[in-house]
Enquirer: 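Before I ask anything, here is the structure I am working with.
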2 protein chains.
Amino acid sequence: MASGDKPTSFDIAALAGVSQPTVSRALRGDRTVSAATRLRIEAIARQLNYKVDKNASALRRGSTSTLALLFFEDPAPDGSRINPFFLSMLGSILHTCGARGYDLLTSFQQLSADWHVDYEDSRKADGLILLGYGDFDDYSRRLDQLVAQGTHFVRWGSADPAHPGTVIGCDNIAGGRDAGQHLIERGRRGIAFLGDASNHYPESRDRYRGLAQALRMADMPIDPGLQVDALSSEASGYDAARRLIARGIAFDAIFAASDMIALGAVRALVESGRSVPGDVALVGFDDIPAASLAQPPLTTIRQDYARAGELLVDMLIRRINRRDTEPALLPPELVVRKSS
Amino acid sequence: MASGDKPTSFDIAALAGVSQPTVSRALRGDRTVSAATRLRIEAIARQLNYKVDKNASALRRGSTSTLALLFFEDPAPDGSRINPFFLSMLGSILHTCGARGYDLLTSFQQLSADWHVDYEDSRKADGLILLGYGDFDDYSRRLDQLVAQGTHFVRWGSADPAHPGTVIGCDNIAGGRDAGQHLIERGRRGIAFLGDASNHYPESRDRYRGLAQALRMADMPIDPGLQVDALSSEASGYDAARRLIARGIAFDAIFAASDMIALGAVRALVESGRSVPGDVALVGFDDIPAASLAQPPLTTIRQDYARAGELLVDMLIRRINRRDTEPALLPPELVVRKSS
DNA sequence: AAGCGGACAGCATACGTATTCAGACGATGC
DNA sequence: GCATCGTCTGAATACGTATGCTGTCCGCTT
C-alpha cells in the first residue's frame, strides 16, 4: 500500500498473513473464520483505519444499504421552503435509518423531474421513501411506473386503494371528525373548512369528509359555501380566509387542513378585526413546531411524525427484503390549546 | 440481457453494434465518438431506460458525485428535533446539490459518533458539509483529524482561525452590533443578552461581542449581570429569561442569541406579566420561519440561509476539485417586526 | 490403518464502468 | 504509390469486494 492511499482488504490481508477473502469474511462476521483470525484482522483493520469501500461492496452485492428520500411538492418551486411537517418527519427518518444501518440520500424534486426512474435504476439506493402532496394524476402515473420497474418504495399519504404501493398515513377522516366534534362541543355552529376538497389532495379531502361526518352526527347542515380551497402554506391560508370573509356568510369557527393554513388564517382574521378564539375558533392539522409558538397557541390535530418516520423506514426495509407489508393508518390526536 | 435484469452498457453495445467502451464514451459525451454513433447509442439507452450504475462508476472513477451533510448538535440527543435554522439551510443545500449534479447524503450525528472518519473513508461521499454547534474542544480535535486524513470538507460556523477548514459563516459581530444599535435607537437602556458568552459557542459569543461594541459606541455600561447562558432551544430560552427575571436587575430589552431562545423568552416574559415590546423589547437571531409567525412577530437578525447553502456546496465542490477556497462571511440583515 | 467429516482458508471470478493503448480505416501530401 | 496523419473504435484491464468452489489439515470413527 502506497502511503497516503486508502488501505484495501488486500493490505489488511498481507499484514495479517491471510488472503483477501478471509479478511472480507472476518469483517462481515462470517462464522467460517476462526475467532483468533478474526480478532487479529479486526485489530489490524482498526489500526489502519480501514473502512469497507461501499461502492465496491455495493457493486458486488447488488445492494447499497442506502435509502432515498424524495420530497416533492407543488407549491414550492424554488425548493427552499419544504413543508415543515415533512421536515419534522425527516428527523425521525434520519434517526431510524441510522439505527437500522442505512444511509439516507435526500432529494428535493420538482414534480416534473424524472424522480420515478432515477434512483433505483442507477442503483444509488435500495428503495424510495416518497413524501409529498401534489398533482395526483401525474403522481399516480409515476407510481405505476415504479411498480412496473419493480422499485421498492413506500409513501406517506392517503391509503387510496386506487394508488399502488405500501402507504403509511394518518387517519385523516378521524382527525377531521375529532376537529369537528371539538368545535361543536365548544358551541360553534358555523364551521368553515379551509383546504382543498377535491380528489387531487386526498389528505385534505378526507379531513373535510371527517368534518362533514361530525356535522351530520350533530344534525348540523353542511354548507358548501363555508369550504374554501387552500394549499398548505401560510400565504394560501391567508388568502383563503380573506375569500371566506368576503363571501359574507356567517361563521364562528374554522377548521384548517394544515397548521400553515391556520397560521395564515389567524393573520387574516386579526387583520379583519376578528379575535381568535373569541369571534372565531380555530383548529389546525399537523402540530408543526410553530403551532405551539403561535399567538394564540394553535389547537390542532397532531400527526405522530416520529412514529410515521419509523414506520416508513421499517416498512421499506421489509419490502427490500421481499417480506410482505401492509398499509398503516396512524391515529391522530387532538391537542387543545388556546385558539379554540 | 435476461428480461427483468437492469440493462448494462454491454446490452446497449450489443444492440448498437458497437463495443462497451464506445457506449461509455458516447454517454459521457466524449468527443472521440462520432455524432452518428453517439445519437444511435443515446436512442437505444433511452429506449431501454438505461442508467449508469453509480456504484460501478464510482468504483472505477474513485469519486461518487455525492456530498454528505452532517448535522450534529449537543442538545438534541434524540435526533428528532433539528435546529430550524439548519433545516432551512437544508432546502438550499438540496437545491444547489441538484443544480450541480451532486447527490446529498444526509445524516444526523451524535457528537460521540465516528462521523469524522466514516464518510469519506468508506467512499460514500466526495466531501462533507458540517452543520452544527457543539462542544468545541472535541469538535476541534475531530476537525484536525479530518484535515490529517485529507478529507474535503466545509463547515458552517464562526471563522475562528484556530479551527481548520474552509468556513462559511455569518458576521455575528456585525449582527450583534446591529441588534444593539437598533435597541438603543428605540431608547432602551437595560439590554440583556440571552446566550452563551463563552468560547464553546463562538457564534453566540460573537453576537454578544457585537452587542458590547454597540453599547460602548453609545457610551453605555456593559453589565455582566444582564447576560444569561442559554442554548438554542425554546425551553432553554424560557429558562434563561426566568433566571434573568429572578436576578432582579432592571432591564427593558433582550437580545437573544437565536430566535428559538427569543421565543422561549417571550413565553417567560408574558407569564411574568411583562408585555412585549411595551415593557421589554426583544430581538432574536436567524429569522427562522416561526419568527414571523410568532406573536408578536419577532424582530430579528436574518441570516441568509439560501446563499449560505449555495456557498457551502460550491466551496466544497471547489475543494474536491483541489481548487483553493477562502472563508466567506455573510452580512446579516436586521428585520424589524413588532417585538421591538 | 484407512476412511470420513468438519473447520478453516485460498483460488478464481463476477459485479459494471472508465480508461489506456493499440489498431483500422480513409484521406492527404509528396 | 507510399508514407503520414487524423478520426474513430475495440481489446484489455483496473477499481475493491464478496462468494462458490476447492483444497488442506486435523481429529475421529470403524
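Both backbone and side-chain heavy atoms feed into the values below; hydrogens, waters and symmetry mates do not. Numbers restart at 1 for each chain; the letters A, B, ... are given by sequence-line order, proteins then strands. Quantities reported herein were computed from a predicted structural model and do not represent experimental measurements.
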Enquirer: Choose from D:dG16, D:dG10, D:dA14 the nucleotide whose nearest atom is closest to any side-chain atom of B:Leu59.
Expert: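 The listed nucleotide nearest to B:Leu59's side chain is D:dG16.
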Enquirer: Separation of A:Arg38 atom CZ from C:dA7 atom P, in whole Å?
Expert: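 Rounded to the whole Å, the gap is 15 Å.
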Enquirer: From CZ of B:Arg28 over to P of C:dT20, roughly how many Å is that when rounded to an integer?
Expert: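 Nearest whole value for this atom pair: 12 Å.
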Enquirer: Using the ring of each side chain (for Trp, its six-membered ring), is A:Tyr305 parallel, tilted or perpendicular to A:Phe85, with breaks at 30° and 60°?
Expert: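 Geometry flag for A:Phe85 against A:Tyr305: perpendicular rings.
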Enquirer: What does B:Thr32 touch in the nucleic acid at a heavy-atom separation under 4.0 angstrom: a base, only the sugar-phosphate, or nothing?
Expert: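 Contact class for B:Thr32: base.
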Enquirer: Taking 4.0 Å as the cut-off, does a side-chain nitrogen or oxygen of B:Thr8 come that near to OP1 or OP2 on C:dC15?
Expert: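 Answer is no, no contact under 4.0 Å.
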Enquirer: Output the rounded distance in Å from CD1 (A:Ile41) to C1' (C:dC8).
Expert: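 Taking atom C1' of C:dC8 as the reference, CD1 of A:Ile41 is at 12 Å.
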Enquirer: Mind calculating the distance between CG (A:Leu48) and C1' (D:dG16) to the nearest angstrom?
Expert: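 From A:Leu48 CG to D:dG16 C1': 16 Å.
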Enquirer: Are a donor atom and an acceptor atom from the side chains of A:Thr166 and A:Thr325 found within less than 3.5 Å of each other?
Expert: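 Judged by distance alone, the side chains do pair up.
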Enquirer: Please pick, from D:dA12, D:dA18, D:dT9, the nucleotide with the shortest atom-to-atom distance to any side-chain atom of B:Gln20.
Expert: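 The answer is D:dA12.
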Enquirer: For C:dG16 and B:Ser57 - does any side-chain N or O of the residue sit under 4.0 Å from the phosphate oxygens OP1/OP2?
Expert: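 False: B:Ser57 side-chain N/O out of range (4.0 Å or more) of C:dG16 OP1/OP2.
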Enquirer: Between A:Ser9 and B:Phe10, which has a closest nucleotide on DNA chain D that is more 5'?
Expert: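 Of the two residues, B:Phe10 wins.
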Enquirer: Under 3.5 Å, is there an N or O donor on one side and an acceptor on the other linking the side chain of B:Arg25 and the base of C:dT20?
Expert: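 Side chain to base: pair present.
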Enquirer: Starting from P on D:dG16, measure out to CG on B:Asn55 and report it in whole angstrom.
Expert: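 Spelled out: CG on B:Asn55 to P on D:dG16 is 15 Å.
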Enquirer: Tell me whether the side-chain N/O atoms of B:Ser19 come closer than 4.0 Å to OP1 or OP2 in D:dG10.
Expert: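 Looking at the OP1 and OP2 atoms of D:dG10, one of them is under 4.0 Å from a side-chain N or O of B:Ser19.
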Enquirer: Of the nucleotides D:dT17, C:dA9, D:dA18, which one has an atom closest to the side chain of A:Tyr50?
Expert: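 Comparing D:dT17, C:dA9, D:dA18 against the side chain of A:Tyr50, the answer is D:dT17.
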Enquirer: I need the CZ-P distance between B:Arg123 and C:dT17, as an integer number of Å.
Expert: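 For the pair B:Arg123 CZ and C:dT17 P, the rounded distance is 20 Å.
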Enquirer: Between the side chain of A:Ser92 and the main-chain N/O of A:Ala306, is any donor-acceptor distance below 3.5 Å?
Expert: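 A pair under 3.5 Å: yes.
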Enquirer: Identify which nucleotide among D:dG10, C:dA18, C:dG16 has an atom closest to any side-chain atom of B:Val18, counting heavy atoms from C-beta outward.
Expert: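 Selected nucleotide (nearest to the side chain): D:dG10.
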Enquirer: Check B:Asn55, B:Asp103, B:Asp126 against B:Thr64 for a side chain to side chain donor-acceptor pair (under 3.5 Å) and give me the one that passes.
Expert: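 Looking at B:Asn55, B:Asp103, B:Asp126, the match for B:Thr64 under the side chain to side chain donor-acceptor pair (under 3.5 Å) is B:Asp126.
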Enquirer: What's the shortest heavy-atom distance between B:Arg307 and B:Leu330, and which atoms?
Expert: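 B:Arg307 and B:Leu330 have their closest heavy atoms at CG-CD2, 4.1 Å.
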Enquirer: Whole angstrom is fine here: how far is it from CD1 in A:Ile12 over to C1' in D:dG16?
Expert: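 Checked: the CD1 to C1' distance equals 12 Å.
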Enquirer: Pick the nucleotide of DNA chain C nearest each of A:Thr22 and B:Thr22; which residue has the one closer to the 5' end?
Expert: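 Result: A:Thr22.
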Enquirer: Whole angstrom is fine here: how far is it from CZ in B:Arg61 over to P in C:dT19?
Expert: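 One finds 7 Å between P of C:dT19 and CZ of B:Arg61, rounded.
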Enquirer: Among D:dT19, C:dT17, D:dA11, find the nucleotide with the atom closest to the side chain of A:Ser24.
Expert: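 Minimum distance to the A:Ser24 side chain belongs to D:dT19.
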Enquirer: Is the backbone of B:Val313 close enough, under 3.5 Å, to the side chain of B:Arg100 for a donor and an acceptor to pair up by distance?
Expert: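 No; zero donor-acceptor contacts below 3.5 Å.
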Enquirer: Could you say whether B:Val33 or B:Arg60 is positioned toward the 5' end of DNA chain D, judged by the nucleotide with the nearest heavy atom to each?
Expert: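 It is B:Val33, whose closest nucleotide lies nearer the 5' terminus.
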